[in-house]
There are 2 protein chains.
Amino acid sequence: MLQITRDGEYAVRAVLFLASQPEGKISLINEISEAQEVPKSYLSKIMQHLTRSGLVKSRRGAKGGFVIGRPADTITLRETIEAVEGPIFLNVCLIKKGECHRDVFCPVHPVWKEAQKRLFEVLDSKTMADLVKDASEIEKSNAEDKKHRN
Amino acid sequence: MLQITRDGEYAVRAVLFLASQPEGKISLINEISEAQEVPKSYLSKIMQHLTRSGLVKSRRGAKGGFVIGRPADTITLRETIEAVEGPIFLNVCLIKKGECHRDVFCPVHPVWKEAQKRLFEVLDSKTMADLVKDASEIEKSNAEDKKHRN
DNA sequence: CTTAATCAAGACTAAAATCATCCTAATTAT
DNA sequence: ATAATTAGGATGATTTTAGTCTTGATTAAG
């Protein structure tokens, strides 16, 4: 349907949450679930994928939980989404050469290629660090607005 | 899954086929189906959608069939896809204001907005007339290559 | 060494979407 | 009349989506 799934959306929320925590702070599934409004048991599955991909690190047992797996400025939006959804291809003809035999003469193929490139430019250029910063600026701006409304 | 469906792909093939026919030429489901490698009965459903949206015109009965509904240079790739798939939204938060209540503070929301804008720039800029022209150039170039290989 | 806290892994499920097929009805030219 | 076509709707198999639940493994602390 040309739309990211809940998996992708929730993964972004979770990684973003971890990226915004103070260094060394361990977060529990419960915390992340409540703060980011993601069903707990569903989030649990998503965290497993993120852990296996290395984007987050987990520790089991008492005092266990999750921390971000790499510096937030090395994790892009695209990488986070693809960690749980698998690689993005806007059309099957982009999966690999020969996946669609029409690609050699199909005039639409290059358009999909370009569209995907443009999409990736956006998703690759935003890191989790950028987004944390953006969030704090939005918050500041919202607070300003509120003050002015009084 | 962030991928267009077969519906979208097949709709583009069908409209492109009609756009490449000589003026006034009426095409049958069978012709389109064979030329574009789309299952006939499936294509039939897709043609119904395209007809209702006005992108193609149909005539029933003997000597009936399909013709393109508007000048090919007024039909974009995006319009063709949306005619059968419905409007494209890369994430639910883009459907409409308030669809996701987090949009007011979510730092990812503006990124999706930008990503979708860039995607639309590509899909809006290619008309069926452009694609017909591109196809003929690809064909010419392929013929050249073949000649040189001999 | 027991226990409580936590994540890991996989089974399970309901609902929807995807990708079709098939049959009957309506329409049109000859 | 009849043959040729599209229109519309019912049906269906398979996959994906969006979750839930149960059991097992690991860890810290008393």
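The sequence lines fix the lettering, A, B, ..., with proteins before strands; numbering per chain opens at 1.
- The 5' end of DNA chain C is approached more closely, in terms of each residue's nearest nucleotide, by A:Arg60 than by the other of A:Arg60 and B:Ile4.
- Salt bridge status for A:Glu121 with A:Arg78: absent, with no side-chain N to carboxylate O gap under 4.0 Å.
- Protein chain A touches strand DNA chain D; the 5'-most and 3'-most nucleotides with an atom under 4.0 angstrom of its non-hydrogen atoms are D:dT17 to D:dA29.
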(request) Would you please test B:Asp7 and B:Lys45 for salt bridge (charged side-chain N to carboxylate O under 4.0 Å, His left out) and show each step? (result) CA-CA 9 Å; B:Asp7 280 44; B:Lys45 296 269 78 171; over 6 Å; no
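- Looking at A:Asn91 and B:Glu9, their side chains do bring a donor and an acceptor atom within 3.5 Å of each other.
- Screening residues 41-83 of chain A for ring-ring contact (aromatic ring centres under 6.0 Å, His included) gives A:Tyr10-A:Tyr42 as the qualifying pairs, with residues at least two apart or on separate chains.
- Overall bending of the helix from C:dC1-D:dG30 to C:dT30-D:dA1, expressed as the angle between end axes built from five pairs apiece, is 10° (10° steps).
- The closest side-chain heavy-atom distance from B:Glu34 to B:Lys40 is not below 4.5 Å.
- Classification of A:Lys25 and A:Glu31 as a salt-bridged pair holds, one side-chain N sitting under 4.0 Å from a carboxylate O.
- Each of A:Ser41 and B:Gly65 lies near DNA chain D, and the nucleotide nearest B:Gly65 is the one positioned closer to the 5' end.
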(message) Checking B:Arg70 against B:Glu79 for the salt bridge (charged side-chain N to carboxylate O under 4.0 Å, His left out) test, could you report, in this order, the C-alpha distance in whole Å, the side-chain angles of both residues, the deciding distance, and whether it holds?
(response) CA-CA 12 Å; B:Arg70 297 205 320 250; B:Glu79 192 183 1; 2.9 Å; yes
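- Residues B:Gln48 and B:Arg52 form a side-chain contact, since some pair of their non-hydrogen atoms from C-beta on lies under 4.5 Å apart.
- A donor-acceptor contact shorter than 3.5 Å is absent between the side chain of A:Gln21 and the backbone of A:Ile26.
- Residues meeting the side chain to side chain donor-acceptor pair (under 3.5 Å) test with A:Thr51, sequence neighbours left out: none.
- Evaluation of the side chain to side chain donor-acceptor pair (under 3.5 Å) rule for A:Gln116 yields no partner, not counting sequence neighbours.
- Positionally, the nearest nucleotide of DNA chain D for B:Asn30 lies more toward the 5' end than for the other of B:Lys45 and B:Asn30.
- In terms of heavy atoms, A:Leu50 sits closest to A:Thr80 at CD2-O, 4.4 Å.
- Within residues 86-103 of chain B, no residue approaches DNA chain D, by heavy-atom distance under 4.0 Å.
- Residues A:Arg118 and B:Leu119 have side chains not in contact (no heavy-atom distance under 4.5 Å, counting atoms from C-beta outward).
- Across residues 31-40 of chain A, not one residue has a non-hydrogen atom less than 4.0 Å from an atom of DNA chain C.
- Under the side chain to side chain donor-acceptor pair (under 3.5 Å) criterion, A:Glu99 pairs with A:Lys96, not counting sequence neighbours.
- A donor-acceptor pair under 3.5 Å links the side-chain atoms of B:Glu85 to the main chain of B:Thr5, judged by distance alone.
- Considering only residues two or more places apart in sequence or on other chains, B:Asp130 meets the side chain to side chain donor-acceptor pair (under 3.5 Å) condition with B:Thr127.
- Partners of B:Ser53 under the side-chain contact (heavy atoms from CB on, under 4.5 Å) rule, at least two apart in sequence or in another chain, are B:Leu55, B:Ala83.
- Near DNA chain D, meaning a heavy atom under 4.0 Å away, the residues from residues 47-59 of chain B are B:Gln48, B:Thr51, B:Arg52, B:Ser58, B:Arg59.
- Taken to the nearest 0.5 Å, the CD1 atom of A:Ile32 stands 14.0 Å off from the CD atom of A:Glu37.
- Reading DNA chain C from its 5' end, the first and the last nucleotide to sit under 4.0 Å from a heavy atom of chain B are C:dT18 to C:dT30.
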